[in-house]
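This report refers to the structure that appears directly beneath it.
For ligands, and for the atoms within them, numbers begin at 1 and follow the listed sequence. Nothing fancy with the numbering, it's 1 onward along the sequence.
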Amino acid sequence: MTTENKRKIWTAPEIVETYLAFFRERGHLEIPGSPLVVPDGTTLFVVAGMQPLMPYLRGQVAPPAPRLTDLQRCLRTDDIDAVGTNGRKLTSFHMLGNWSIGDYTRREAIALALDLLDCFGVERSSLWVTTFAGEPSLGLARDEVAVEEWRRVGMPESRIVPLEMDDNFWSTGGPGPCGPDSEIFVDRGEAVGCGKPECRPGCSCERFLEIWNLVFSEFEQRPDGGYEPLPIRSVDTGMGLERVAAVMQGVLSVYETDLFAPALRRLRELAPSGISDGASETRAVRMILDHTRTALLAGLAGVTPGRDGRGSVVRRLIRRAARQGYVLGLRQPFLGELVAPLVAGHGTLLTPRERERALEIARTLGDEERRFARVLATGLREVERIRPDDDGTVAGERLFVLHAERGFPADLAAEVLAERGITVRWPEYERAFAEHRAISRVGTGAQSQTA
Ligand code: SER
């Protein structure tokens, strides 16, 4: 590690260039990231860096080279509710990856990762790693080889943490290549942690930040949930650019990195009475930045807000972000204003063509937000009037009526209620919905066709 690298503040584009060059120099072929929209429709968007490479990992298609590297934009909303509650969760992110398709295994993957982190100037003494503890009931063995390799490169025993299936066996969540993984964490110090004696990688606090996941892709998850060995053993790694940038730029959250900093400044200017560092305001800022960027990246991939499929994901993000504007005292549409600073923050991560098109996306975002503004204002007033029953719940039917009569989305209403500690009795929502559908059918005579 050079003293120069230790002192250097790396921009996100520099991190990307250095990562790709490092792996190119070590025999990896750089391939372009795939478009964010998955053409075969297996998922709405690319959810993981490895997704476009699945045919290679499965041994179905020969890769252009046994060692690959790339930068892949990903979008996944499965844990959207966690976005904003901490400084690391995002609905879209840039995944840097290096792959061995049936070539090197744990030893080289681990050595390469450590070498690059040295180049990046990340202190070895701040690193912790997790490994797979095994799951005998599924016939999945404890990953002793990964532990051995970490020991070999000098990782102290106390900083090698074996974790269970949920943490250290990576899969897409459905059929596909999967396997035990070893995750690399940076310890950002006790001062930012929860202070619990058992705090360590895997803890939900801000102290240990996972920056890189090395997946030893060895199994295929069958549709019935079982596992069978893949014909080739590969390595699939993913380094979250936003997170590693936070580490290398010495900031605690991804929202303070160069990627988001200009948009954060703009948001502060726009908020009429400043932004305090209270929990709900911090969450609002993060949700706005995250959701707007995701809508921008989806827009650049050709997705516009709409009722169904991908468009509905974007619409939901815009509406959630617009609602968080209320938390910051913003009553006028503002999301379009964040696009230019987001573009500035992303620098060369966007192509010149994308930078041009961003203007158009800013307009689309603004139009969508304006169309929703009145519904948002009246809907929020209605939601405020909702009083919970004695057990702190509210009938789902209330939300159904709010949606049917005012167009206010039930999930958004539920989110606002959750902030007041109120939960929704969803079965009553479903019932109201089913009844409404039955009535509409009678109205259109549709029931006679099915009778
Ligand atoms: N597939 C793993 C992930 O997305 C590593 O690339 O985290």
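- Both tests hold for R106 against F216: distance to the six-membered ring centre under 6.0 Å, angle to the ring axis within 45°.
- Side chain of E206 to main chain of G87: a donor-acceptor pair is present (N/O by atom type, distance under 3.5 Å, no hydrogens or angles).
- Distances below 4.0 Å separate heavy atoms of G238 from the following atoms of ligand 1: 5 (C), 6 (O).
- Contact annotation for D181 and ligand 1: no heavy atom of the residue comes within less than 4.0 Å of the ligand.
- Numbered from 1 in the order shown, with element, the atoms of ligand 1 that lie under 4.0 Å from a heavy atom of V215 read 2 (C), 5 (C).
- Every atom of ligand 1 with a heavy atom of M95 under 4.0 Å away is listed here by number and element: 3 (C), 4 (O), 7 (O).
- Applying the 4.0 Å criterion to heavy atoms of W170 picks out, from ligand 1, the atoms 1 (N), 2 (C), 3 (C), 4 (O), 7 (O).
- A distance-only check finds no donor-acceptor pair linking the side chain of R233 to the backbone of T105 [under 3.5 Å].
- At a 4.0 Å heavy-atom cut-off, ligand 1 touches D236 through backbone and side chain alike.
- Distances below 4.0 Å separate heavy atoms of A48 from the following atoms of ligand 1: 4 (O).
- No hydrogens or angles considered: nothing links the side chains of S100 and E108 as a donor-acceptor pair under 3.5 Å.
- Within the 3.5 Å criterion, the main-chain N or O of H94 finds a donor-acceptor partner in the side chain of E242.
- For S234 and S217, the side-chain atoms include no donor-acceptor pair closer than 3.5 Å.
- Between M50 and ligand 1, no pair of N/O atoms sits closer than 3.5 Å.
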